[in-house]
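None of these values were measured; they are calculated from a predicted model. Convention: sequence-line order gives letters A, B, ...; per-chain numbering from 1.
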Amino acid sequence: MKKIITSIVITTLSITCFAQNKVPTEKHLPYRLTTEPAIGTRLSTAMGAMDIQLTNLLQYNISRRVGLISHTAVSHTFPNSRITDVKQNYSYSIMQKFGIGTSLYSKHNIHTFSFLAGVRYNAYSGTLNNDQLPEHITTKAQSTTSDYGLMYNWKKIRNKYFLSFRLYVPLKDGLAGITENATIELGVGIKLK
Amino acid sequence: MKKLLLPLFLSLLISCEKEPLHTDPESKNVFSISSSEKGKTYQIRVYLPADYLQSSDYYPTIYVLDADENEKFVANECKKASESLHTQNAIVIGINYGDNRDVDYTPTVTDYGKGGSEAFMKFIKNELIPRIENDYRADKQRKSRTILGHSFGGLLGAYAFTKFNEVFGNYLLLSPSLFYDHSVVLQYEQQSRPAIKDNDQLVYIGAGSTEDGLLPANDLLYQRLQTYYLHTKSIFNVIAGRGHQSSKNFDIEDAIHFYFSNK
């Protein structure tokens with residue numbers, strides 16, 4: 001896994017360093033500034049751990065190859081259907097990451113590979129209601145932790161509006177972290193500048 | 001050439017991180033045991049402390065469930081904890097699958113389990129432990145025996161606490177699935193409490209903070225231990241920002257440290 005990630009990093013950074021000698025001008029840059037709202041979910045949704053995310057990606061391209069990125073997400077996690085005696089009061093996460101990416105262009109597509117880092121806030125409350133147990137307790141948990149990883153963003157170029165697909169792979173906690181927190185997102189991007 | 005230096009340097013920085021320790025602990029014995037109770041054969045791996053061969057001491061034991069996944073990491077953490085706390089290490093016994101884990105680790109029959117915990121615990125109590133204590137210098141006192149399990153393994157550990165409390169004196173329960181079958185093990189605890197509440201024991205309950213619906217049942221068990229079990233030292237450790245799998249190794253580390261600090 002580390003070799004794959006290292007190869008991706010080397011490749012993207014090499015592309016950046018071997019950029020065209022010609023000074024980029026705006027007419028070579030399809031989008032200077034974009035906002036890309038989307039709906040997403042964790043890949044583990046396929047295994048029963050369901051959540052829904054509302055996300056937004058802001059990308060400012062300082063050149064044709066290099067962009068600065070802000071990624072914001074709010075998610076709601078649905079209760080686990082296997083747990084029958086706990087009423088979920090709430091379960092949500094708020095995530096904010098910043099990063100840098102490099103873009104590859106084809107005729108109608110932009111492929112952006114970026115590294116993002118930031119924070120993740122999780123909050124949960126659930127109440128145990130079981131007729132066989134005399135106690136009814138409410139448990140709360142919350143945490144603020146670091147969050148970092150790699151994102152692939154595919155933009156299908158139209159004009160001012162475009163399709164945006166994203167895959168986020170966290171680097172924290174190895175395969176377990178990927179299984180729990182890798183996400184996919186699909187939305188519509190808007191050219192702001 | 002200069003253009004290559006920056007990406008090469010950054011890639012080296014990213015790839016340089018401390019590797020988790022995967023080296024085998026010093027001494028490991030392997031044997032198979034056929035259970036007349038279960039009609040199955042279990043492979044057992046025994047990790048001996050570094051000073052075992054030079055010593056005539058008797059050692060405490062830690063029985064590890066889901067052994068393939070966990071035993072080496074547990075054995076390494078035991079070595080680290082015992083050295084840092086300057087205390088005697090333990091013999092680590094990894095119990096590999098002889099039957100499916102949804103048979104051996106679940107106490108009742110549901111869509112997710114086959115309810116074979118009682119037979120499996122009888123195998124451990126009446127066949128495996130006597131074999132270990134006969135073949136090795138393993139301390140035979142209840143307070144020197146520990147069971148460690150994650151997820152369904154933690155559920156089995158909690159089941160052992162309620163129904164086979166005479167076997168183990170220490171319970172390291174990592175993300176235990178206490179919600180199983182409408183929290184049936186918490187019902188067992190209520191029934192068994194008068195008989196077990198005055199026993200001396202250690203109980204570690206750990207879980208990731210994003211394990212959501214798994215948390216309340218574990219919180220309740222911990223609150224009961226605090227309220228009713230005056231001779232039990234217990235802790236409920238929530239690993240911040242981590243889930244069911246990503247919290248496991250952190251939990252093992254904390255659980256082992258809790259055990260060695262309090263045994």
Side-chain angles (χ1 to χ4, degrees), chain A residues 2-3 5-7 9-19 44 49 77 79-80 82-88 91 93 115 120-147 171-181, chain B residues 1-17 19-20 110-113 177-184 186-191 207-224 227 236 238-250:
Chain A
K2 267 200 318 200
K3 288 183 184 174
I5 292 168
T6 305
S7 303
V9 171
I10 293 174
T11 305
T12 55
L13 288 171
S14 298
I15 290 167
T16 305
C17 289
F18 281 98
S44 57
T77 303
N80 187 327
R82 287 177 59 178
I83 301 172
T84 55
D85 56 359
V86 173
K87 174 183 168 294
Q88 179 173 293
S91 177
S93 300
F115 173 76
R120 177 188 190 103
Y121 173 77
N122 298 300
Y124 169 80
S125 171
T127 300
L128 184 64
N129 274 317
N130 186 321
D131 294 340
Q132 305 298 318
L133 306 175
E135 307 97 329
H136 295 272
I137 66 164
T138 295
T139 299
K140 295 183 181 179
Q142 52 211 24
S143 59
T144 303
T145 52
S146 62
D147 181 12
L171 296 179
K172 191 175 173 181
D173 297 329
L175 191 58
I178 293 172
T179 305
E180 289 172 359
N181 292 314
Chain B
M1 183 61 191
K2 281 185 191 175
K3 287 184 178 178
L4 284 174
L5 286 180
L6 177 61
L8 280 175
F9 173 70
L10 289 173
S11 66
L12 279 172
L13 269 183
I14 290 167
S15 52
C16 283
E17 67 177 57
E19 285 280 0
T110 68
D111 290 343
Y112 305 102
S177 305
L178 296 189
F179 59 82
Y180 183 85
D181 195 10
H182 221 57
S183 304
V184 68
L186 290 179
Q187 299 172 41
Y188 293 162
E189 186 278 326
Q190 281 173 216
Q191 298 156 10
S209 72
T210 65
E211 292 199 67
D212 286 3
L214 182 140
L215 297 174
N218 285 287
D219 190 9
L220 177 56
L221 177 61
Y222 172 67
Q223 291 189 27
R224 286 180 173 181
T227 304
F236 182 24
V238 180
I239 313 289
R242 288 185 158 92
H244 195 61
Q245 287 298 328
S246 57
S247 65
K248 186 177 70 169
N249 282 355
F250 295 96

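Proximity to chain A is absent for every atom of B:E211, based on heavy atoms less than 4.5 angstrom apart. With a 4.5 angstrom heavy-atom cutoff, B:T210 touches chain A only via side-chain atoms. When heavy atoms are compared at a cutoff of 4.5 Å, B:Q190 approaches chain A solely by way of its side chain, counted from C-beta outward. Heavy atoms closer than 4.5 Å to chain B are found in the side chain of A:T145, but not in its backbone. For B:Y112, the part lying under 4.5 angstrom from a heavy atom of chain A is the side chain only. No part of A:K87 comes within reach of chain B, as not one of its non-hydrogen atoms sits under 4.5 angstrom from that chain.
Among A:S93, A:P134, A:S125, A:G177, the residue with the largest count of heavy-atom pairs under 4.5 Å with chain B is A:P134. Between chain A and the residues B:P216, B:G241, B:G243, the most heavy-atom pairs under 4.5 angstrom are made by B:P216.
If you take OH on B:Y222 and OG1 on A:T139, they are separated by 12.5 Å, rounding to the nearest 0.5 Å. Rounded to the nearest 0.5 Å, atoms CG (B:D111) and CZ (A:R82) are 10.0 Å apart. Note that CG of B:D219 and NZ of A:K140 are 12.0 Å apart. Values are rounded to the nearest 0.5 Å.
At a threshold of 4.5 Å between non-hydrogen side-chain atoms, the residues B:R242 and A:D173 count as touching. Residues B:F179 and A:V86 have side chains not in contact (no heavy-atom distance under 4.5 Å, counting atoms from C-beta outward). Between A:E135 and B:T227, the closest side-chain pair of non-hydrogen atoms is not below 4.5 Å.
Here the closest non-hydrogen pair linking B:H244 and A:E180 is N-OE2, 3.1 Å. Nearest heavy atoms, B:H182 versus A:N130: O-ND2, 2.9 Å. Closest approach of A:A141 to B:S209, counting heavy atoms only: CB-O, 3.9 Å. In this structure, A:I83 and B:G213 approach most closely via the heavy-atom pair CD1-C, 3.4 Å. Listed here is the closest heavy atom pair of B:L220 and A:I137: N-CD1, 3.5 Å. Across B:S183 and A:L128, no two heavy atoms sit closer than the pair OG-CD1, 4.3 Å.
Side chain of A:S143 to backbone of B:A240: no donor-acceptor contact under 3.5 angstrom is found.
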